[in-house]
Amino acid sequence: MQHSPSKASAFWKGKGKEPAQDYDDLRPTITYRHLYSHNLGVRDPLRVVALCDSDAFYAACERVRLGLDPSVPLVVQQWESLIAVSYPARKFGISRMDKIKDAKKKCPEIVAIHVATYKEGEKEPGYWPDVDTRTHKVSLDLYRRESNKIIQFFKQALPSGEIEKASIDEAFIDFTRPVREVLLKRFPHLAQVPPDAPHGVDSPLPPPPPIDWSELGELIPLRPAEEDEDREPHFAEDDVTCTWHDVALSIAAELMAKVRHDVHENLGYTMSAGISRNKFLAKLTASNKKPNSQSILRNSAIPTYLRPIGFQKIRFLGGKLGDALAKEYDVSTVGDLLAVSLDEMQNRFGDSALWVYELLRGIDRSEVKEKSALFKSMLASKNLPTPITKAADGHQWLRVLAAELALRLKEAREEMPTLWPKTIALHARKGYEASRSKQSAFPFTHEVTVDVIATAADKLWKELTGNMKNLNVTAVQLAFTGIETPESGQQSIEGFFKSKEPPRSPFKRTRPGNDEIPPEADPLQIMTELHESASSTFFLCERCNQTISASEMERGEADHVTALAKLRMEHDDFHFAQDLANGSDIQAPKRRKTKEPTGIARFFIKKK
DNA sequence: GTGGATGAG
DNA sequence: CGCTCATCCAC
């Protein structure tokens, strides 16, 4: 253990909890069996997770859209407020809390872009000269689209890495598998259990090589920077020898740096990343240095890094739970809370206690899980500075909201053509009164047009406001809920969507025993054609069932064919690498796992 | 099916 | 901050 034992155990004297368990798992023994196991999940001692988020994302989107130089100070405004401030603008002391007036005072030459808006009667959002909260509604569409491009880029670059879009500007990446592939390729001797290994496959791995971190990002230090020279150091730097997990982190850092670089080259966005052993720590680490940087938190640096952090900055502790914890124990940092025993916390906080207790100790068992790209709901809303008093006004606003939903569904269907909203719901609020809502089944039509949505919305509006004396509606929300894909619903829907295509054989609902899918029945092929009509350039890899898109990233290429050929070669390289790793896997007791289909394909294969 | 609570950003 | 969005759960 790297931190002072005396200090650590002092905390626990008389608490009845074993201090030994505190940071117990930071230096686990890693064996060949661990290395060869592909399905240890969150218990994998070589697990590596990254959180990657775009710097000042909305501002960057507008900067890219307008082709502006990255050095120009830019803000994105929503009415009189700011919703994004570029890093150059932050140098002038402008913050998101400022009003646009303040920003211009602080930096007269600031470029201020008003977020795109829907306007009554317009089908698509735009950048209008006369934005007015009384007649317009903001659209975040551009940012959603750019966000999706980045996610697609991640998926293409890391075919075996799980990607979880965490918000419009952040994604978690599970590097565990990509790292293993590189690890086995780079250290081929690990692919064989040495004949003289004392416990066979359960023998510890040999000592890892030294690591040159210099090009890989910011290393979170093992000790607090402010620690005095004259004070007895808790331990010398070299007390902590590097581990195979550190090697894994370093490989993930290489891969992350490459992806960040490529996204910047191709899409123009800079990103900051944090790399560590789980989601919680990756997220925390990402905030270490911004913009355009990446930080690495080794296991051995975890206790020191966590101790001084205000726990209310931690994801999910920023709200009531965090407040309650702070009040209950009158403390503010992670270190303070370490003194609270699990029993004590459980008495006061019940079920959430264990989760918090572990978080404070750098343990987070949550998985990086692709959010199946499907949202369960899609909502367009508008607060009305001048309340609706006439039914006709209500009708107009509903059309605006309907236009937004129509466009967003249409866009979502470009990726996932079978997306289906089961219900539509309308919420309306009067002043400070609680909002009322009505919902109904959404009609089953192929083309979901503004009119179809607006008609359904109008009906709900009547039900909602029919017997109101004076409608003084100050907020309206229109939402699709219960959004599904056909394979989770009934068969009939499937046929419905298919009918858009020229006649062909029905979708196969289950996958044949081998990897062959008859071309006629290949759902991916159908999706492929749908996709092509949307003008993107890509190919389908038969081996990993993935669509590899070249639409945006290869735009520098002279022609699509060249771009595509290049892309395919790179992708084949990946398979070569994977084969290499797998091929030397002979000592491992594991059967090679058949790769799960990813992307669109997943939605056409029945779940077990 | 409706409405509220929570939380992110 | 005001606004926009998403999810979960009690009733």
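The structure displayed is predicted, hence computed values, not measured ones. Below, chain A is the first sequence line, B the second, and so on; all start at residue 1.
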*Asks:* Taking 4.0 Å as the cut-off, does a side-chain nitrogen or oxygen of A:S381 come that near to OP1 or OP2 on C:dC5?
*Replies:*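 Yes, A:S381 has a side-chain N/O under 4.0 Å of OP1/OP2 on C:dC5.
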*Asks:* Do any pairs count as a side-chain hydrogen bond (donor to acceptor under 3.5 Å, both in side chains) and have a residue in residues 93-103 of chain A, sequence neighbours left out, and if so which ones?
*Replies:*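 Output for this query lists A:D98-A:K106.
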*Asks:* Kindly give the atom pairs (protein nitrogen or oxygen, nucleotide nitrogen or oxygen) under 3.5 Å for nucleotides 2-5 of chain B.
*Replies:*
| residue | atom | partner | partner atom | Å |
| --- | --- | --- | --- | --- |
| B:dT2 | OP2 | A:Q439 | N | 2.8 |
| B:dT2 | OP2 | A:Q439 | NE2 | 3.1 |
| B:dG3 | OP1 | A:R436 | NE | 3.0 |
| B:dG3 | OP2 | A:S437 | N | 2.3 |
| B:dG3 | OP2 | A:S437 | O | 3.2 |
| B:dG3 | OP2 | A:S437 | OG | 2.6 |

*Asks:* Got a list of protein N/O to nucleotides 9-11 of chain C N/O distances below 3.5 Å?
*Replies:*
none

*Asks:* If you compare all heavy atoms of A:F175 against all heavy atoms of A:L255, which two are closest, and at what distance to 0.1 Å?
*Replies:*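 Result for this residue pair: CE2-CB, 3.6 Å.
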*Asks:* Heavy atoms within less than 4.0 Å of DNA chain B: which residues of residues 309-317 of chain A have one? Give them sorted by number.
*Replies:*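 Under 4.0 Å from DNA chain B: A:R315, A:F316.
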*Asks:* Does B:dG1 have its OP1 or OP2 closer than 4.0 Å to a side-chain nitrogen or oxygen of A:T423?
*Replies:*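 Negative; the distance criterion is not met.
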*Asks:* Is the terminal nitrogen or CZ of A:R361 (NZ for Lys, CZ for Arg) located under 6.0 angstrom from the six-membered ring centre of A:Y357 and within 45° of that ring's axis?
*Replies:*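 Relative to the ring axis of A:Y357, which defines the angle, A:R361 lies inside both limits.
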*Asks:* To the side chain of A:Q78, which of C:dC5, C:dC1, C:dC3 is closest?
*Replies:*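 The closest nucleotide is C:dC3.
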*Asks:* Looking across every strand, which nucleic acid part, if any, lies under 4.0 Å from A:E404 by heavy atom: base, sugar-phosphate, or nothing?
*Replies:*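 Contact class for A:E404: sugar-phosphate only.
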*Asks:* Going by heavy atoms closer than 4.0 Å, what residues in residues 49-61 of chain A are next to DNA chain C?
*Replies:*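 Nothing qualifies; none.
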*Asks:* Any idea which heavy atoms bring A:S287 and A:K290 closest together, and the distance?
*Replies:*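 The pair with the smallest heavy-atom distance is CA-CE, 4.1 Å.
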*Asks:* Can the positive tip of A:R399 be found less than 6.0 Å from the middle of the six-membered ring of A:Y118, inside 45° of the ring normal?
*Replies:*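 Not satisfied by the 6.0 Å and 45° rule.
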*Asks:* Start with the C-alpha distance between A:V49 and A:I173, add both sets of side-chain angles, then the distance that settles side chain to side chain contact (heavy atoms under 4.5 Å, CB included), and finish with yes or no.
*Replies:* CA-CA 6 Å; A:V49 174; A:I173 303 171; over 6 Å; no
*Asks:* Return the nearest nucleotide to the side chain of A:R144; candidates are C:dC3, B:dG9, C:dC5.
*Replies:*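 The closest nucleotide is C:dC5.
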*Asks:* Give a yes/no on whether any side-chain N or O of A:R96 is located under 4.0 angstrom from OP1 or OP2 of C:dG2.
*Replies:*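 No, A:R96 has no side-chain N/O under 4.0 Å of OP1/OP2 on C:dG2.
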*Asks:* Flag the pair A:V115 / A:I83 as yes when at least one side-chain heavy-atom distance between them is below 4.5 Å, and no otherwise.
*Replies:*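 Heavy-atom side-chain distance check passes, below 4.5 Å.
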*Asks:* Given C:dA6, is OP1 or OP2 found less than 4.0 Å from the side-chain N or O atoms of A:K165?
*Replies:*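 Checking C:dA6 against A:K165, no side-chain N or O comes under 4.0 Å of OP1 or OP2.
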*Asks:* Contact class for A:R408 (heavy atom, under 4.0 Å): base, sugar-phosphate, or nothing?
*Replies:*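 Touches sugar-phosphate only.
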*Asks:* Given the rule that a pair is Watson-Crick or G-U wobble with both distances under 3.5 Å, how would you write DNA chain C in dot-bracket, using | for pairs to a different strand?
*Replies:* ..|||||||||
*Asks:* Identify which nucleotide among C:dC3, C:dC5, B:dG9 has an atom closest to any side-chain atom of A:K283, counting heavy atoms from C-beta outward.
*Replies:*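 For A:K283, the side-chain atoms sit closest to B:dG9.
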